[in-house]
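Remember, it's 1-based here, ligands and their atoms both numbered in the order they're listed.
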Amino acid sequence: MKRIALIGSTGSIGTQTLDVLRAHPESFCLEGMAAGTNTDLLVQQVHEFRPKKVSVATRELAERVRPQLPENVKLYYGEQGLIEVAAGTDADTVVMAIVGSAGLPATLAAIEEGKQIALANKETLVTAGHLVTELARQKEVALLPVDSEHSAIFQCLNGERAEEVEQITLTASGGSFRDLTREQLRHVTVEDALKHPNWSMGAKITIDSATMVNKGLEVIEARWLFDLPFEKIGVLLHPESIIHSFVEYRDGSVIAQLGTPDMRVPIQYALSYPHRWTSQARRLSLAEVGKLHFREMDLVRFPCLRLAYECGKIGGTATSVYNAANEVAVARFLNGSISFLEIETIIEKALSRHHVQSCPDLETIRDADRWARAVAETL
Ligand code: NAD
Ligand code: MG
């Protein structure tokens, strides 16, 4: 029986993680769960899964939900609450399904306690990859990827030797606007941006897919998960999202992982690893698919991907600023205060004003994150 804590239970990854638990009730027990502001759903989830510890975003929300929870549930809130649920239960595995660099302190706390991490929260590795991977190494904790591309690479590397890898390639669907020109992008709306062609995901990552920031974050995530230089990490546009990513070895062999797009498969693999369990995922019929398409990634069309490679190579606090400026810019786009193309302008300007610090400690990263958020609010 696996003991799980789930951070971000009400989101897209969170609810699909609970689907996986529901499909294998004999294999799991949920020790703790944390969410932000969707307390109605959280209350339902608590009654169904009976975790011992629960956290919500704020004290006010905690006061409001307290009467609706079973009496023996311990209730927390805020950043400290996330840490309590991630690190302070008997869970052996923590699913990090929160969005944004807000997941960093809880991830570090869980690793510190020796818990395995099923990691969906890519922003954590982007903002502080060196700290997270170093602590995981010290504590002998596995960082098991949930992101579909990284789960694919992880599966393709299974049993192989790292030094025999020539290149990994992350595939990208291209997001909601892949066929629009930059001129056409000037007038797109929030509603248009939220229509992803292949995946149903949270709002922030759906916008990130349209700007290609998501792929940028994933390139940096891959650098840390697989300990590869950026020169060995490629991106290929693949509109069908059937090949989830692939690895090319030095003998020219290419190993890819394929499937229909369903996040419950990589979520489950992160929880069942090294085993594979049955799943209800729709089976892939290549005969039915007929054709797969691929296109070279255009870094002029998608400047946010170019910026991710640039600041990934610079390292230090550059990636923290890239991530935090983007988080604010996306929130501003979603609330209607800036246009779609201003997201990339804000990231670029924040980066150009930032004095990068190399090998930052946690406090320096949090300062850079705060600084970038403040700058991105005013641009
Ligand atoms: P989402 O917006 O649907 O859900 C986010 C969850 O985090 C919610 O439960 C929300 O309540 C919680 N949350 C947000 N801020 C919080 C805070 N300050 N305190 C406590 N809880 C907070 O997002 P999502 O699409 O599920 O994505 C989650 C993470 O997984 C992101 O890092 C995303 O990049 C990554 N990811 C998502 C998908 C996908 O298919 N959705 C795929 C790959 C990777
Ligand atoms: Mg992905």
**side-chain hydrogen bond (donor to acceptor under 3.5 Å, both in side chains) partner of S101, the single match among T124, T127, T107, D369** = D369
**Prompt:** Between N72 and K52, does any side-chain donor sit less than 3.5 Å from a side-chain acceptor?
**Reply:** no
Pairs under 3.5 Å, N/O atoms on ligand 1 and on the protein: can you put them in a table with the distances?
residue  : atom   : partner : partner atom : Å
ligand 1 : 3 (O)  : S12     : N            : 2.9
ligand 1 : 9 (O)  : G8      : O            : 3.3
ligand 1 : 9 (O)  : T10     : N            : 3.2
ligand 1 : 9 (O)  : T10     : OG1          : 2.7
ligand 1 : 9 (O)  : G11     : N            : 3.0
ligand 1 : 11 (O) : T10     : OG1          : 3.2
ligand 1 : 11 (O) : G36     : N            : 2.8
ligand 1 : 21 (N) : G36     : N            : 3.2
ligand 1 : 25 (O) : G202    : N            : 2.9
ligand 1 : 26 (O) : S12     : N            : 3.1
ligand 1 : 26 (O) : I13     : N            : 2.8
ligand 1 : 30 (O) : A120    : O            : 3.4
ligand 1 : 32 (O) : E123    : OE1          : 2.7
ligand 1 : 41 (N) : S12     : OG           : 3.0

**Asked** Is there a donor-acceptor pair under 3.5 Å between the side chain of Q257 and the backbone N or O of F246?
**Response** no
**Item:** Under 2.8 Å from the Mg ion (ligand 2), the protein N, O or S atoms, given as residue and atom
**Value:** D147 OD1, E149 OE1, E218 OE2
**Prompt:** Taking the six-membered ring where the residue is Trp, are the ring centres of W277 and F28 under 6.0 Å apart?
**Reply:** yes
**Asked** salt bridge (charged side-chain N to carboxylate O under 4.0 Å, His left out) between E348 and R306: does it pass, once the steps are laid out?
**Response** CA-CA 11 Å; E348 187 142 32; R306 169 183 57 79; 3.7 Å; yes
**Request:** Using atom types as modelled and distance alone, determine if a side-chain donor or acceptor of N121 lies under 3.5 Å from a backbone N or O of G100.
**Result:** yes
**Prompt:** With a 4.0 Å cut-off, would you call E183 and R186 a salt bridge?
**Reply:** yes
**Prompt:** Is the backbone N or O of G259 less than 3.5 Å from a side-chain atom of R282, with the two atoms forming a donor-acceptor pair by type?
**Reply:** no
**Request:** Carefully, step by step, assess F226 and F154 under the rule ring-ring contact (aromatic ring centres under 6.0 Å, His included).
**Result:** CA-CA 8 Å; F226 307 117; F154 182 64; 7.1 Å; no
